[in-house]
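Read through the structure below, which is laid out as structure tokens, and then see the notes.
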Amino acid sequence: MAAFQYKGRTTRGDLVNGRLEADTAEAVADQLFTIGVTPIDIAPAPPAATEVSFSSFKKLLSRERPKLDDLILFSRQMYSLTKGGVPLVRALQGLAASTHNLMLRETIQQVVESLASGRELANTLARHPKVFSPLYVNIVRVGENSGNLQEAFQRLAQYLSFDKDTRRRIRTAFRYPVVVITFVAVAIAILTTFVIPKFATLFGHFDIPLPWPTRVILAVSEFASRDWPFVLGALAIGFAALRLWLKTDNGRYRWDRWMLKMPIVGDIVLRSALARFARGFAMAYRAGVPLISTLTLTGHALGNAWLRERVLEMRTGVERGESLSHTAAAAGLFPPLVLQMLMVGEETGTVDDMLDEVGDFYESEIEYKLQTLSAAIEPVLIVVLGIMVLILALGVFLPMWDISRLAQH
């Protein structure tokens, strides 16, 4: 196939242009007429340049994956445009022109070209997994096949908004302890690298036995001031090794399982993931996605390998003919109250509504846990900081007292 550039006008008289692949210019014209565009000019597209200019290199560096806010805005705009009866191609062209994220804008432009070639929207979105998740694509596919595309985008916008709000609250709750720990680490690094060596020089002029806190502090200070390049190198190598290990299936599985077992933090991570599961399951099930596919999609959308395996075990149980509530009980993820709600939902045919209630339940639990997080972490931080300050104070002042006694004699 050859590439062609075209210009045309829609049924409302709007000027549009783009790029299509076809065997001949007549085939391009047929595709344009199919989507309601009257061609004005069709010409062979120039070949792509082989040399990469500085601007294109800079453009490549500026590419970043769309954030959650970008996808929420895109879903809400698509809901408004499709609900208002705006043609799909025209709606996407308008969004491409107004989208600030480079990767998302290029993706939308490629989606427009694929739609002009006669492909379906969901299949086109599936060709861009870095932007649109499988769950997103399948909800769009169900809405496209049922004629309720605007409802699909509305549900996606609501689901992504819930997810964003939960993540925002978790980041806000962890901001305080992270800032405190960071400042303490910086202060200790400055003390051990620049301040303590000055005291070491002073203590060296006096022939007095140094207490163990002082010896420990001086040893750490000497090591940090002398071998800090090796320390930074070891930290960098360790960090790189950790990233490589986390890219393996076994590493990710063990790390995610360990995260769930962390004191204080693990319970919040677990409840956040289960709230995402409940919201995603309810949205997909209500949209008409088959139960097996719903479990598969929501399991992969959790972002936790250990929880994903438990959800896929639920899928295996459902494939064997077991009920959803029974497989959920066997997975060991949900408390009895949630299992009872699932059982009632199966009996009454309102599984999606019950899972929405489960999502509300977990979100209220997360809210309570986050409110008490600072109260739970503050005593730990105070104890740790107190021990560190005590060691530093004893290490510095005990020899000073010995020196002052020697001066008096």
Side-chain angles (χ1 to χ4, degrees), residues 3-22 28-43 45 55-56 59 62-133 136-161 164 287:
F4 294 88
Q5 289 182 341
Y6 70 87
K7 292 182 180 179
R9 292 193 179 274
T10 64
T11 55
R12 298 190 180 187
D14 298 324
L15 181 65
V16 295
N17 57 75
R19 181 187 178 105
L20 287 175
E21 292 184 357
V28 174
D30 292 338
Q31 293 179 20
L32 293 175
F33 281 121
T34 301
I35 62 175
V37 175
T38 302
I40 299 175
D41 180 58
I42 300 176
S55 60
S56 61
K59 182 179 179 181
S62 63
R63 287 170 60 91
E64 62 176 2
R65 295 184 62 175
K67 299 178 181 178
L68 207 54
D69 288 334
D70 298 321
L71 293 177
I72 293 173
L73 181 60
F74 172 78
S75 302
R76 287 176 175 172
Q77 290 176 328
M78 285 299 297
Y79 163 69
S80 300
L81 292 171
T82 52
K83 183 181 179 181
V86 179
L88 196 56
V89 172
R90 182 185 171 193
L92 289 169
Q93 286 177 331
L95 292 182
S98 62
T99 300
H100 297 289
N101 184 273
L102 178 60
M103 179 179 286
L104 182 57
R105 180 166 67 246
E106 293 179 351
T107 300
I108 296 174
Q109 291 171 348
Q110 294 174 13
V111 169
V112 171
E113 294 176 4
S114 298
L115 290 175
S117 302
R119 295 187 177 95
E120 294 182 347
L121 177 61
N123 293 335
T124 303
L125 298 181
R127 299 172 63 185
H128 305 279
K130 291 185 178 180
V131 178
F132 302 104
S133 66
Y136 196 104
V137 171
N138 277 271
I139 296 300
V140 172
R141 177 175 286 112
V142 171
E144 194 174 22
N145 294 336
S146 62
N148 294 320
L149 193 58
Q150 68 275 10
E151 186 177 348
F153 281 114
Q154 182 185 29
R155 289 173 178 167
L156 286 168
Q158 293 173 348
Y159 169 73
L160 294 175
S161 296
K164 174 194 170 185

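Bear in mind the structure is a predicted one, so any value in this text is a computation, not a measurement. Because only heavy atoms are used, hydrogens play no part in the values below, and waters and symmetry mates are left out as well, while side chains stay in. In what follows, residues are counted from 1 in the order of the sequence shown.
With sequence neighbours excluded, the residues that form a side chain to side chain donor-acceptor pair (under 3.5 Å) with Asp69 are Lys164. Contacts of Lys67 classified as side chain to side chain donor-acceptor pair (under 3.5 Å), with partners at least two apart in sequence or in another chain: none. Every side-chain contact (heavy atoms from CB on, under 4.5 Å) that Ser161 has, sequence neighbours left out, goes to Ile72, Arg76. Not a single salt bridge (charged side-chain N to carboxylate O under 4.0 Å, His left out) links Lys7 to another residue, sequence neighbours left out. Under the rule for a side-chain contact (heavy atoms from CB on, under 4.5 Å), the partners of Ser114 that lie at least two apart in sequence or sit in another chain are Arg119, Thr124, Arg127. Residues that satisfy the side-chain contact (heavy atoms from CB on, under 4.5 Å) test with Ala122, not counting sequence neighbours, are Val137, Val140, Arg141, Glu144. Partners of Tyr136 under the side chain to side chain donor-acceptor pair (under 3.5 Å) rule, at least two apart in sequence or in another chain, are Ser75.
Judged as a ring pair (Phe, Tyr, Trp, His ring centres under 6.0 Å), the pairs with a partner in residues 67-92 (not counting sequence neighbours) are, in order, Phe74-Phe132. Within the structure, salt bridge (charged side-chain N to carboxylate O under 4.0 Å, His left out) pairs that include any residue of residues 145-159 comprise Glu151-Arg155 (at least two apart or interchain).
Contact record, Met103 with Thr107: O-OG1, 2.7 Å, taken as the closest heavy-atom pair.
A 4.5 Å side-chain heavy-atom check between Leu125 and Val131 finds every atom pair outside the cut-off.
The structure places CG of Asn101 at 9.0 Å from CD of Glu106, a figure rounded to the nearest 0.5 Å. Note that the CD1 atom of Ile108 and the NE2 atom of His128 stand 10.0 Å from one another [nearest 0.5 Å]. Between atom CG of residue Leu156 and atom CD1 of residue Ile139 there is a gap of 6.0 Å, rounded to the nearest 0.5 Å. One finds the CZ atom of Arg105 at 12.5 Å from the CG atom of Leu95 (value rounded to the nearest 0.5 Å). Interatomic distance, CG of Leu149 versus CD of Gln154, reported as 12.0 Å (0.5 Å rounding). The distance from atom CZ of Arg65 to atom CG of Asp70, rounded to the nearest 0.5 Å, is 12.0 Å.
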**Request:** Begin from the C-alpha positions of Met78 and Leu88 and carry the test side-chain contact (heavy atoms from CB on, under 4.5 Å) through to its verdict.
**Result:** CA-CA 9 Å; Met78 285 299 297; Leu88 196 56; 3.6 Å; yes
